[in-house]
Amino acid sequence: MDAVAGQPMRIITIANQKGGVGKTTTAINLSTALAAIDKRALVIDLDPQGNASTGLGIDKDDRSLSTYDVLKETASITEAAMPTAVPNLSIIPSTMDLLGLEMEISGVAGRAYRLRDALHFHQVEGAQFDFVLIDCPPSLNLLTINAMAAADSILVPLQCEFFALEGLSQLLQTVEQVRDSLNPTLDLHGIVLTMYDGRNNLAAQVVRDVRSFMGEHVYDTVIPRNVRVSEAPSFGKPAILYDMKCPGSQAYIQLASEIIQRERRLTAA
Ligand SMILES: Nc1ncnc2c1ncn2[C@@H]1O[C@H](COP(=O)(O)OP(=O)(O)OP(=O)(O)O)[C@@H](O)[C@H]1O
Ligand SMILES: [Mg+2]
């Protein structure tokens, strides 16, 4: 597989400080789609809500090591990564302990680099993953900053609704600040429009507006609103496993191939 052949591990942070826009759904299904095409994928759940962990079927009682341990530097990426029911897909789950982390390390130098350092160490050890997807909380707090400092690029889910662009400039400004201070090579990987409802005229207008504002940063693939996608987490399964044929699953599979193509362009550049 690719990492064995010497390809570097690619780290993509999924961020938007707006709540409920599809970050976790994208982390779960995109990682599953990448795993299905033989990429070894890792989801890092950086949200104390732990929705990515639950959605990938990791019981609360089984989260003995978590992102909290990694950020406290008491566990390595290799130690904390757990297999999921999806072949090729692992997760470092989160727990509510993460809520206290910001306070616990508030005065500590290099606190924004905890995740970057852990991933760097993992790479030096001999990376076990081709893709790492980091699921962020709906906030621009220290957890999200750690994720941005650690990443090669940022993927932003935007919900197809009237206020879609609201908050995007703040997010892009934060990316710019992180680039200036913590991570000069951070890229905007792309913007994925989520929960598109074709029956809604407004949604089509939102897609046009976002495309005209953000141009080629917007992926061609649009994720439709699809009830099967929203049902899947309650079964602890990615939608792609729950119902591979549903339009939402198919869109995430298509997004994965678009991402691979973009990756080729980015790494060749
Ligand atoms: N394509 C879709 N079709 C239908 N429902 C969806 C779709 N994508 C996400 N949802 C539902 O919308 C809700 C919010 O999605 P999700 O949890 O992925 O967003 P989030 O940005 O991670 O939220 P938070 O900011 O709280 O972490 C969830 O109930 C999810 O199941
Ligand atoms: Mg989430």
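Counting convention: from 1, in listed order, for ligands and their atoms alike. Values in this document were obtained by computation on a predicted structure and should not be read as measured data.
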Novice: Using a strict 4.0 Å cut-off to heavy atoms of Asn226, name the atoms of ligand 1 that fall inside it.
Specialist: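 The list of qualifying atoms is 2 (C), 3 (N), 4 (C).
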Novice: Is there a polar contact, in the sense of an N or O pair closer than 3.5 Å, between Thr26 and ligand 1?
Specialist: no
Novice: When rounded to the nearest 0.5 angstrom, what distance separates CG in Asn29 from CD1 in Ile223?
Specialist: 8.5 Å
Novice: If we count only N and O atoms by modelled type, under 3.5 Å, do the side chains of Arg208 and Gln205 hold a donor and an acceptor together?
Specialist: yes
Novice: Does atom CE (Met244) have a neighbourhood of more than 12 heavy atoms from anything else shown, all under 6.0 Å?
Specialist: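 Open: at most 12 neighbouring heavy atoms sit under 6.0 Å from CE of Met244.
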Novice: For Ile223, counting its heavy atoms only, list the atoms of ligand 1 lying under 4.0 Å from any of them.
Specialist: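 Ligand 1 atoms under the 4.0 Å threshold to Ile223: 1 (N).
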Novice: Could you measure the distance from the OH atom of Tyr219 to the CZ atom of Arg262? Nearest 0.5 Å is fine.
Specialist: 5.5 Å
Novice: Taking atom 23 (O) of ligand 1 as the point of reference, which of Gly20, Pro138, Pro247 owns the nearest heavy atom?
Specialist: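 That would be Gly20.
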Novice: At what distance is the nearest protein heavy atom to atom 10 (N) of ligand 1, and which residue and atom is it?
Specialist: Met195 SD, 3.9 Å
Novice: Have a look at Thr25, Asn16, Asp135 and point out the one with the heavy atom closest to atom 18 (O) of ligand 1.
Specialist: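 Heavy atom nearest to atom 18 (O) of ligand 1 belongs to Thr25.
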Novice: Determine whether the side chains of Ser76 and His122 contain a donor N or O and an acceptor N or O closer than 3.5 Å.
Specialist: no
Novice: Would you say atom 13 (C) of ligand 1 has a protein heavy atom nearer than 4.0 Å?
Specialist: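 Protein heavy atoms within 4.0 Å of atom 13 (C) of ligand 1 - there are none.
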Novice: Below 4.0 angstrom, counting only protein heavy atoms, does anything approach atom 7 (C) of ligand 1?
Specialist: yes
Novice: Have a look at Gln17, Lys18, Lys23 and point out the one with the heavy atom closest to atom 20 (P) of ligand 1.
Specialist: Lys23
Novice: Any chance you could measure Ile44, atom CD1, to Ile11, atom CD1, to the nearest 0.5 Å?
Specialist: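 Rounded to the nearest 0.5 Å, the CD1-CD1 separation comes to 7.5 Å.
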Novice: Using side-chain heavy atoms (C-beta onward) and a distance below 4.5 Å, is Pro48 in contact with Pro137?
Specialist: yes
Novice: Please work out whether any backbone atom (N, CA, C, O) or any side-chain heavy atom from C-beta onward of Asp47 is under 4.0 Å from ligand 1, and answer side chain, backbone, both or neither.
Specialist: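 Contact part for Asp47 vs ligand 1: side chain (C-beta onward).
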Novice: Any donor-acceptor pair under 3.5 Å linking the side-chain atoms of His189 with those of Glu263?
Specialist: yes
Novice: Any N or O on Pro224 sitting closer than 3.5 Å to an N or O of ligand 1?
Specialist: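 N/O-N/O distance under 3.5 Å: yes.
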Novice: Before signing off on this row, confirm whether Cys136 and ligand 1 have an N or O atom pair separated by under 3.5 Å.
Specialist: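 No, Cys136 has no N/O under 3.5 Å of an N/O on ligand 1.
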Novice: Would you say Glu73's side chain and Arg114's backbone share a donor-acceptor pair under 3.5 angstrom?
Specialist: no
Novice: Within the 3.5 Å criterion, strictly below it, is a donor on Thr26 or Tyr252 matched to an acceptor on the partner's side chain?
Specialist: yes
Novice: Flag atom 29 (O) of ligand 1 as yes if some protein heavy-atom distance to it falls below 4.0 Å, otherwise no.
Specialist: no
Novice: Looking only at N/O atoms, are Pro233 and ligand 1 under 3.5 Å apart anywhere?
Specialist: no
Novice: Near Gly19, which atoms of ligand 1 are under 4.0 Å from a heavy atom of that residue?
Specialist: 25 (O)
Novice: One residue to check: Val21. Relative to ligand 1, which of side chain, backbone, both or neither has a non-hydrogen atom less than 4.0 Å away?
Specialist: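 Near ligand 1, Val21 shows its backbone as well as its side chain.
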Novice: If I take every N, O or S atom of Thr24, is at least one of them less than 2.8 Å from the Mg ion (ligand 2)?
Specialist: yes
